[in-house]
Each structure stands twice: as structure tokens, then as C-alpha cells.
Amino acid sequence: MKYEYERIEKKWQEIWDKNKTFAAKNDYTLPKFYGLVEFPYPSGQGLHVGHPRSYTAIDIVARKKRLQGYNVLYPMGWDAFGLPTENYAIKNHIHPAKVTENNIKNFKRQLKSLGFSFDWDREVNTTDPSYYKWTQWIFLQLYKNGLAYKKKMNVNWCTSCKCVLANEEVVNGVCERCGNEVIHKEKSQWMLKITAYADKLLKGLDDVDFIDRVKTQQRNWIGRSYGTQVTFKTTLGDSFEIFTTRADTLFGATYCVISPEHPLIEKWKGSIKNAEEVQKYREESAKKSDFERTELAKEKTGVKLQGVMAINPVNNKEIPIFISDYVLISYGTGAIMAVPAHDTRDYEFAKKFDIPMIEVVAGGDITKEAYVDCNKGKMVNSDFLNGLSVDEAKSKIQEWLTEKGLGVKKVNYKLRDWVFSRQRYWGEPIPMVYCEKCGYVPLDESELPLTLPNIDSYEPTDTGESPLAKIGDWVNTTCPKCGGHAVRETDTMPQWAGSSWYFLRYCDPHNDDALASKEALRYWCPVDWYNGGMEHTTLHLLYSRFWHQFLFDIGVVPNPEPYSKRTSHGMILGENGEKMSKSRGNVVNPDDIVRDYGADTMRVYEMFLGDFEKAAPWSQSSIKGSKRFLEKVFALTDCLIEGDEFRKDIESDFHKTIKKVTEDIENLKMNTAIASLMSLLNTVLSKGNINHAEMKAFITLLNPFAPHITEEIWEICGFEGMLNESRWPTYEESKCVDSSVEIAVQVNGKIKARIMVSADISADDALALAKAEKNVFEAISGKTIIKELYVPKRLVNVVVK
RNA sequence: GCGGGCGUGGCGGAAUUGGCAGACGCGCCAGCCUUAGGAGCUGGUGUCCUUGAUGUGCAGGUUCAAGUCCUGUCGCCCGCACCA
């Protein structure tokens with residue numbers, strides 16, 4: 001019989017749709033499994049072959065779990081707010097809502113054509129007012145708990161999107177989305193106080209099963225460091241604070257540096273003799289974009305302040321103060337003490353400005369370079385610290401500073417608060433109004449959702465105001481507090497808002513009274529397994545953990561952490577090994593693959609093409625291998641024979657494969673799971689036929705990977721019911737071993753022979769058999785045996801001299 | 001610079017975690033079938049000269065035994081990037 005994938009796949013997709021085969025049950029007594037993949041942004045380009053890599057992998061897990069008796073929730077939805085849609089809408093004069101609707105339709109068709117077992121009854125859409133009502137509700141809770149605030153600040157401004165970006169959205173000084181220049185602009189923005197959760201976000205990582213690189217990346221991003229905040233007095237009679245992790249080197253501090261944005265400069269204006277020069281430097285660094293600033297990072301610049309000196313608290317020596325943009329206003333106190341002998345940046349700066357150095361840790365050669373990694377050295381030139389190790393000196397100086405009230409222990413983070421407002425149309429309106437009398441006032445929860453007004457023109461403005469600002473009817477409103485005139489906030493939320501909690505909505509997607517019922521959340525949360533891209537580690541993944549921990553703190557969700565387990569897939573590259581992109585012309589369209597090879601082949605191929613976690617190039621010729629495999633599997637229906645048990649001679653092959661596939665799926669080793677199924681198929685084919693028991697086991701194991709063809713074979717064979725209602729096969733450990741095995745015989749570690757022995761042979765017998773082999777006998781005769789080893793089921797090694 | 005990861009046939013990749021390197025697939029070669037093959041089937045396929053040597057980026061080391069562990073070194077990828 002010919003393998004007609006097109007007919008078979010269409011047939012089963014319709015049956016699954018009609019029967020709602022994969023709808024999660026609302027029976028909260030069953031053991032549950034919640035598998036999650038990142039819901040896509042429905043772009044105009046349609047599905048990328050990268051999407052199915054992640055979706056197929058968790059689909060395989062979900063389908064296996066169902067066969068193992070779990071109540072499985074495997075949902076799908078649309079992260080549909082966002083700039084590309086808005087830009088497309090502007091260009092083509094179609095409303096973004098309409099563009100979104102069309103794109104979703106196309107995405108949904110594509111996803112369905114791949115046979116994913118999503119529960120389509122729970123589909124969510126972040127642009128649906130009944131959904132973003134709850135996104136806005138969460139924002140109000142954040143506001144009421146002091147975690148949302150408005151602040152005038154220097155923000156990242158994308159010159160092309162005409163919109164503010166979060167720090168996480170600026171990549172190498174350019175806009176993450178469009179690649180255009182990002183500059184600094186002073187604007188008043190809504191901020192979310194993610195820094196208040198820095199410690200919780202770090203601590204939570206200890207309790208979850210995330211792959212290490214995700215944990216490490218989040219830890220580095222949060223960037224906690226322990227140090228000391230030290231007070232430096234100045235010759236003007238005032239003082240300022242610096243932050244250092246190396247208080248032990250205080251005696252080596254020969255100057256201080258403050259950031260160009262530091263408020264002290266304004267304060268000292270009257271006393272600074274070179275005010276003009278200083279002002280010029282400040283203006284220059286303000287003009288620099290992030291990109292320029294990092295580019296120029298190699299050569300240090302700065303200006304010495306004339307007329308004010310800092311006083312080193314440990315020895316009361318006067319040292320100069322510089323301003324330089326290598327000190328960031330956003331980290332620590334925006335001021336540092338510089339120890340050129342033991343810090344490479346300070347060293348470089350001191351060389352350029354000819355500032356003296358004092359070695360305070362012996363062991364390096366400071367005429368050549370800064371001695372930074374000096375844990376082995378002893379303190380010198382440091383008065384009461386002399387002779388101590390660095391660690392000893394750290395605690396001693398800390399004690400001393402505390403006693404004199406000159407320095408306190410301090411923890412600093414690299415993490416910044418989250419810039420939450422965007423000056424664009426296609427996002428959730430922020431449910432706040434501004435009243436002249438009352439200031440910012442939150443909308444009453446009963447007013448939610450605050451829907452986006454339907455307008456004709458949503459072009460961004462050059463002034464940096466949201467397009468919503470132009471709609472008088474919408475903007476002008478009354479103050480919920482005093483009833484007087486007020487104006488609405490016209491900025492919208494960033495795309496990350498809707499995706500920060502979507503997995504909660506899947507639990508109970510049609511609830512009008514809450515983001516989801518308590519019962520549903522208690523049953524389904526946390527997500528048991530979440531797979532997604534590494535690129536979201538410090539964006540979506542971190543943001544959603546923050547929101548979730550907050551929702552836990554206010555009693556909305558039952559667990560502090562949203563995801564028990566997080567894995568990540570590698571990218572699928574173009575055939576030439578480069579990233580797939582339109583401009584490189586190496587894009588593969590999933591529709592073409594489904595049409596030419598079938599969904600099952602596509603699924604098997606994407607799982608077989610390499611290590612799941614690593615990037616792998618697409619290979620059009622390799623797909624054929626997966627197609628051939630499925631064709632051979634289908635042809636098994638022509639050689640089916642009776643038999644309700646595995647035949648003895650191939651029984652262990654089946655048990656071993658069941659074990660391997662079962663374990664490999666849990667470890668995302670889909671490539672080796674498929675390889676073992678291919679091997680088993682080859683074994684069966686060499687026998688010439690397959691019996692009922694063997695067929696059932698084989699196609700059940702293959703079902704999660706290739707669901708359509710296996711369901712069809714089940715029907716052709718006349719097995720009872722449907723495959724998706726059957727059970728995952730089990731194995732017996734005792735039957736996974738062969739009774740006799742081939743072992744290698746080595747003499748001095750070199751292979752001389754291979755012999756068949758029974759699996760439970762004794763060491764003595766194995767050695768005796770081995771030494772009787774001709775090659776072995778010749779190699780050892782006349783020599784002294786020093787050592788004899790037998791590694792059960794592996795090898796024998798005879799060591800001679 | 002810091003952090004994470006990786007180097008195995010012509011290619012994608014396996015290797016029970018120290019125990020027969022190259023599973024499985026692609027490609028390639030030969031044969032069969034065919035008017036034909038970008039189809040199918042069978043067999044072969046790390047390298048080198050036949051015997052049997054050799055082989056996991058390179059150089060050392062530990063061990064009866066190293067792709068796997070240790071030291072050094074070279075190269076590549078990802079993330080962060082003046083975080084004091």
C-alpha cells in the first residue's frame with residue numbers, strides 16, 4: 001500500500017478537531033501535566049521552521065504523557081501586540097486589528113497542518129480586550145503596591161521606531177527589533193520596580209529546574225555584588241559616597257571619578273575653576289549614543305575638576321576628582337574611588353592622565369599592568385592592613401570603616417527598573433489618568449478593560465508622544481478621585497506585558513471575574529515544562545518570573561515560581577550554516593515541506609536533525625531519510641502476522657527500545673530516540689514480518705513523533721479503538737539485557753579478538769576463554785602476566801610484560 | 001575583558017559517563033531493476049600501502065584502559081559588556 005501522507009494527515013487532523021481529542025479535562029483529580037511553548041508573535045511572514053522545532057518537542061512530551069495517563073494541558077495563543085504589525089498597518093493603511101486577525105488565521109492554519117496536539121479551546125490572544133483587561137488589572141495591582149511609578153529620566157530612544165526601549169531591548173547599542181540607532185532622551189516614563197524583586201528572582205532560581213545556562217545568564221543579568229559604600233569628604237567641606245568591592249585597597253586610592261551626570265557637579269559649579277571645560281565634556285558625553293559610548297570604550301577620556309579635592313578617609317590625603325563617562329550614573333552611587341595599581345580601567349586612566357599609583361597588594365608588577373587577581377598577595381603600604389591577605393584586609397577595613405562611621409556594607413545590582421511605557425498605538429492602554437489636582441490616579445477596576453480607541457491614523461510622532469494623544473475624545477476624561485477634568489495616559493504597554501502572564505490565562509481562559517479561578521490555578525500551576533528560546537532569558541522569562549512572584553505575594557497565584565522546568569532549543573540555520581533570513585535568501589517555508597514531504601516527515605526530520613539544544617543547519621537532502629523511514633514503517637502493514645507477544649529472539653530489542661525512547665523523550669534527546677526506532681525497524685525488517693504485539697509497541701512509540709501515520713496504521717491493522725486512547729508501552733529491566741554478549745579481548749589495551757560469552761559469565765571463565773583465543777595466546781605467550789581485568793559485558797584486558 | 005558552551009568521517013551527529021570510537025541518517029561507491037532516474041532494492045563506505053598500523057583541534061600528564069579526567073595551548077559559537 002502506498003503511503004499517502006496528504007490524505008492521511010488531512011483525515012486525522014479533521015478527526016482530532018471534531019472529537020476535541022486534545023482538550024485538557026477540567027477534572028482536577030487526575031494527575032496533570034502542563035507543557036508550554038512560547039506563543040508566537042503572528043507576523044506577516046508566517047511560521048518559521050524554527051517554531052516547529054520547539055513545538056514538536058513539547059508536543060512529543062505532551063502526547064507521551066497523555067498515553068501515560070496524564071491530564072495534559074498543551075495550549076497555544078497569540079502574542080499579537082507589537083511594532084511590526086503596527087508598522088505594516090501604517091504602510092498599507094489597514095487597521096492593526098485586521099492585520100493581526102489575518103496573520104493569526106494564517107499561523108493557525110500552519111500550526112494545524114503540522115498536527116500539534118494543542119487544546120484550541122483555550123486559545124488566547126493578548127490583543128483581545130477580554131484578555132488585556134487582566135493585563136491592565138495586574139498593572140493596577142503593581143501600581144497599588146508601589147511597584148509602578150512614573151519617572152523623568154534618560155531613556156533609550158529608538159530613532160526609527162520613535163519609541164522608548166527597555167534596557168533589555170537595546171542590543172549592542174542598537175534597537176533589538178529594527179537594528180537602528182538608539183539615543184538617549186530625557187522623558188517621563190512608567191517604570192516597574194523589578195529591582196525590588198532582585199533578591200527573590202535570584203533565590204527562586206535555586207528551586208527550579210532550569211538548564212544551567214539560563215540560570216547563569218539570569219544571575220549575571222541581575223548582577224548582585226557585595227561591597228562597601230564609603231564616604232569621602234571634600235575640600236569644600238561636603239562629602240560624597242562611592243561604592244567599592246575592594247575596600248581593602250583604600251590606601252591605594254589616588255583619585256576619584258564621578259559620572260558626568262552626577263548631581264554634585266551642579267552643586268560644585270561655583271567652586272570649579274574649569275567649569276567651562278567640565279560643562280563641555282558633560283555635553284559631549286550626553287550626546288553620545290550607547291553605540292558610540294561602547295565603541296569608544298577603548299580610549300578613556302575625562303576632565304579633572306579644578307578647585308575641589310577628595311579626602312581619602314583612611315589617611316586624610318587629598319586626591320583629585322575627575323569626571324569621566326567610564327563611570328556610570330546608573331550603577332552604585334555614580335562615583336568611584338580609583339585604585340590604578342589594582343584595577344585595569346583605573347590603570348589605563350591613570351597612565352593617560354599621569355596620576356601616581358600606589359601598590360597595596362604585593363605580588364604583581366604594576367609597572368607593567370594592574371595587579372587585579374591578587375588573592376595570593378599580601379597587603380603593603382597600607383598602615384594597619386600591612387601583612388594581611390586580601391580577604392583578611394577586607395573584613396578588617398570593613399570593621400574599621402563601620403566603627404568610624406565612614407563606610408557601610410552594601411549590595412548592588414546591575415539590574416535596572418523596567419521602562420514600561422511605549423509611545424505607540426498597538427499595545428495595551430495604561431489604565432491611569434492624570435488630574436491637575438490629584439496627580440496620577442488609577443482607573444477603577446470596574447472600568448476595565450480600557451479599550452484602545454478605533455482610529456484611522458496611528459503614525460508615531462516625532463515629538464515622542466503616543467498617537468493616542470491626538471484623540472481628544474479619548475484623552476479627555478474625568479478624574480476617578482475628584483471628578484474634575486483629567487487626561488488619560490496615552491502611552492501603551494510594551495509587548496512583554498501580555499506575555500508576562502499568559503500561561504495563567506490558559507488555565508481558565510474564559511473567566512470574566514478573575515484572570516483565572518483559584519481552583520484552576522491550584523491544579524494546573526506551575527507549568528511543568530516550558531521550552532523556549534535563549535533570546536528570551538533576560539527579557540520575557542525574567543519579566544514573567546517577576547510578575548508571577550508579585551502575584552504570589554498578593555495571593556493571586558499559588559506558587560512563587562511560574563515554571564518548574566525550563567529548556568531551550570537551538571536555532572535552525574539555513575542550509576549554508578547562516579541564520580535564516582529573507583536577505584540571505586536561505587529561508588525554508590514550512591508549508592512547502594508539509595506539501596512535499598508531509599507533516600510527519602517534517603516533525604521527524606526536525607527532531608532528528610541534531611542535538612536539540614544546539615543550532616543546526618537545515619538540509620534538504622536529509623529530509624529524505626526521514627521520509628524513507630516513514631515509508632518503510634507504513635509498508636509494515638503489508639507484512640503483519642498474528643502474535644500477541646514479542647517474539648523471543650527480538651524481545652530484548654523491543655524492551656531496550658521502549659526504555660530508550662521513554663527516557664530520551666524526558667531528556668529531549670529526540671534524535672537518539674528516533675535513531676533507536678530506526679534500528680528497531682531494521683531489526684524487524686530483517687525478519688521479514690512483524691506481529692501484532694510488536695506492531696502495537698512500535699507505532700505507539702513512534703506516535704508522539706509522527707502522530708498521523710501511526711494512527712492510520714493502527715486503523716489499518718484493525719486494532720481496537722484509536723491509538724491516542726491506548727497506553728504507552730512499558731518495559732522490564734530484566735528483559736533489556738541479552739543472554740549472550742560480544743566482548744572485546746585486549747592485551748595491554750590493544751584489541752586482539754572478540755568473543756561471544758554468556759552475559760553472566762564469571763571473570764575467571766571469561767579470562768580463560770579469552771586466553772584461549774589464538775591471537776591472544778600468541779600475544780601473551782612467553783610473557784609475564786601482571787594484571788587481568790574483566791569488565792562485565794564489555795571487555796577483558798590482559799596486561800603483560 | 002568577564003560569564004557560559006563547543007572542537008569526533010565528505011556532512012548532521014552517536015558513544016551506557018573512564019571500557020570495542022564513528023550508532024542512526026545524509027552523501028558517496030558497486031551491483032540489481034529500469035527506455036530512463038533527483039525512484040526502489042542489495043552490499044560497501046574513518047584514514048593509510050596488503051598483512052595491521054593509525055585515528056576524536058594541538059602538546060603533555062594520570063590510568064590496565066582517555067573522545068570522556070587533569071595541565072597547558074590554539075580555534076569557534078553564544079550571552080554580557082567601562083557594573084567599580
Side-chain angles (χ1 to χ4, degrees), chain A residues 171-173 211-221 223-225 227-228 242-247 249 256-257 259 290 293-294 296-298 300 324-328 330-339 342-346 348-349 372 412-416 534-535 537-538 570-571 577 604-605 608-611 613-626 628-629 631-632 656 660 663 669 671-682 736 741-751 753-754 786-800:
Chain A
V171 177
N172 293 330
I211 49 171
D212 286 339
R213 51 197 176 124
V214 169
K215 285 193 185 187
T216 318
Q217 219 167 290
Q218 289 207 346
R219 285 197 185 109
N220 289 346
W221 187 261
R224 179 166 64 191
S225 66
T228 314
I242 62 101
F243 174 74
T244 179
T245 55
R246 292 296 305 275
T249 61
C256 281
V257 187
S259 140
D290 275 0
R293 220 159 147 159
T294 33
L296 296 169
K298 284 158 201 137
K300 300 238 179 313
S324 170
D325 61 9
Y326 87 89
V327 171
L328 310 171
S330 54
Y331 184 77
T333 60
I336 62 159
M337 67 169 189
V339 185
H342 303 287
D343 182 286
T344 40
R345 295 154 300 181
D346 299 345
E348 207 184 307
F349 192 85
V372 180
N412 263 320
Y413 303 89
K414 289 189 203 171
L415 187 69
R416 302 271 79 86
M534 277 310 285
E535 70 275 18
T537 301
T538 53
M571 239 194 303
V604 168
Y605 172 67
F608 187 62
L609 99 171
D611 183 336
E613 293 203 347
K614 289 194 200 127
W618 184 266
S619 163
Q620 200 67 28
S621 62
S622 286
I623 304 173
K624 272 186 264 173
S626 302
R628 277 181 206 149
F629 169 58
E631 274 166 352
K632 284 184 200 168
K656 275 190 274 191
K660 177 91 179 132
E663 291 174 356
K669 301 247 174 243
N671 52 340
T672 50
I674 292 168
S676 71
L677 286 167
M678 287 173 168
S679 286
L680 183 62
L681 175 69
N682 291 341
C736 289
V741 291
E742 188 188 63
I743 63 168
V745 182
Q746 300 178 335
V747 176
N748 288 348
K750 301 229 155 123
I751 292 179
R754 294 170 214 275
I786 299 168
K787 204 169 190 178
E788 295 175 320
L789 294 114
Y790 170 59
V791 183
K793 294 175 213 169
R794 298 279 163 226
L795 52 74
V796 162
N797 191 8
V798 184
V799 187
V800 295

Rounding to an integer number of angstrom, what distance separates B:G10 and B:C74 when you compare their P atoms?
26 Å

Pick the P atom in B:A53 and in B:A21, then give their distance to the nearest Å.
14 Å

Side chain of A:Arg794 - closest among B:C80, B:G4, B:G19
B:G19

Using heavy atoms to find the nearest nucleotide of RNA chain B for A:Asp212 and A:Ala335 separately, return the residue whose nucleotide is more 5′.
A:Asp212

Table of protein N/O atoms under 3.5 Å from nucleotides 23-29 of chain B N/O atoms:
{"from": "B:G25", "atom 1": "OP1", "to": "A:Asn682", "atom 2": "ND2", "distance (Å)": "3.3"}
{"from": "B:C26", "atom 1": "OP1", "to": "A:Arg628", "atom 2": "NH1", "distance (Å)": "2.5"}
{"from": "B:C26", "atom 1": "O2'", "to": "A:Ser621", "atom 2": "OG", "distance (Å)": "3.1"}
{"from": "B:G27", "atom 1": "OP1", "to": "A:Lys624", "atom 2": "NZ", "distance (Å)": "3.4"}

Quick one: does A:Val791's side chain get under 4.5 Å of A:Ile743's, heavy atoms only?
no

Looking at residues at least two apart in the chain, or sitting in another chain, which of them share a salt bridge (charged side-chain N to carboxylate O under 4.0 Å, His left out) with A:Lys614?
A:Asp611

With sequence neighbours left out, the residues meeting ring pair (Phe, Tyr, Trp, His ring centres under 6.0 Å) with A:Tyr331 are none

On a whole-Å scale, what distance lies between the C1' atoms belonging to B:G18 and B:C64?
12 Å

For RNA chain B, what string of dots and brackets results from 5' to 3' when Watson-Crick and G-U pairs need both distances under 3.5 Å, crossing pairs get [ ], and pairs with another strand get |?
(((((((..(((......[....)))((((((.......))))))(((...)))..(((((..]....))))))))))))....

Not counting sequence neighbours, which residues clear side-chain hydrogen bond (donor to acceptor under 3.5 Å, both in side chains) with A:Lys656? List them please.
A:Asp738

Using side-chain hydrogen bond (donor to acceptor under 3.5 Å, both in side chains) as the criterion, list what pairs up with A:Lys660, not counting sequence neighbours.
A:Asp664

Contacts under 3.5 Å, N or O only, protein and nucleotides 62-69 of chain B:
{"from": "B:C64", "atom 1": "O2'", "to": "A:Asn797", "atom 2": "ND2", "distance (Å)": "3.3"}
{"from": "B:C64", "atom 1": "O2", "to": "A:Asn797", "atom 2": "ND2", "distance (Å)": "2.7"}

side-chain hydrogen bond (donor to acceptor under 3.5 Å, both in side chains) partners for A:Arg213, two or more places apart
none

Checking A:Leu677 now: which residues fulfil side-chain contact (heavy atoms from CB on, under 4.5 Å) with it, not counting sequence neighbours?
A:Phe629, A:Thr657, A:Val661, A:Phe698, A:Leu701, A:Leu702, A:Phe705

Quiz item: A:Lys300 side-chain donor-acceptor pair to B:C82 base, under 3.5 Å:
yes

Taking ring pair (Phe, Tyr, Trp, His ring centres under 6.0 Å) as the test, write out the residues that go with A:Trp221, two or more places apart.
none

Quick one: side-chain hydrogen bond (donor to acceptor under 3.5 Å, both in side chains) partners of A:Ser622, sequence neighbours excluded?
A:Ser619

Value in whole Å for how far the P atom of B:G4 lies from CD of A:Glu613
16 Å

Atom pairs under 3.5 Å: protein N/O with N/O of nucleotides 49-55 of chain B:
none

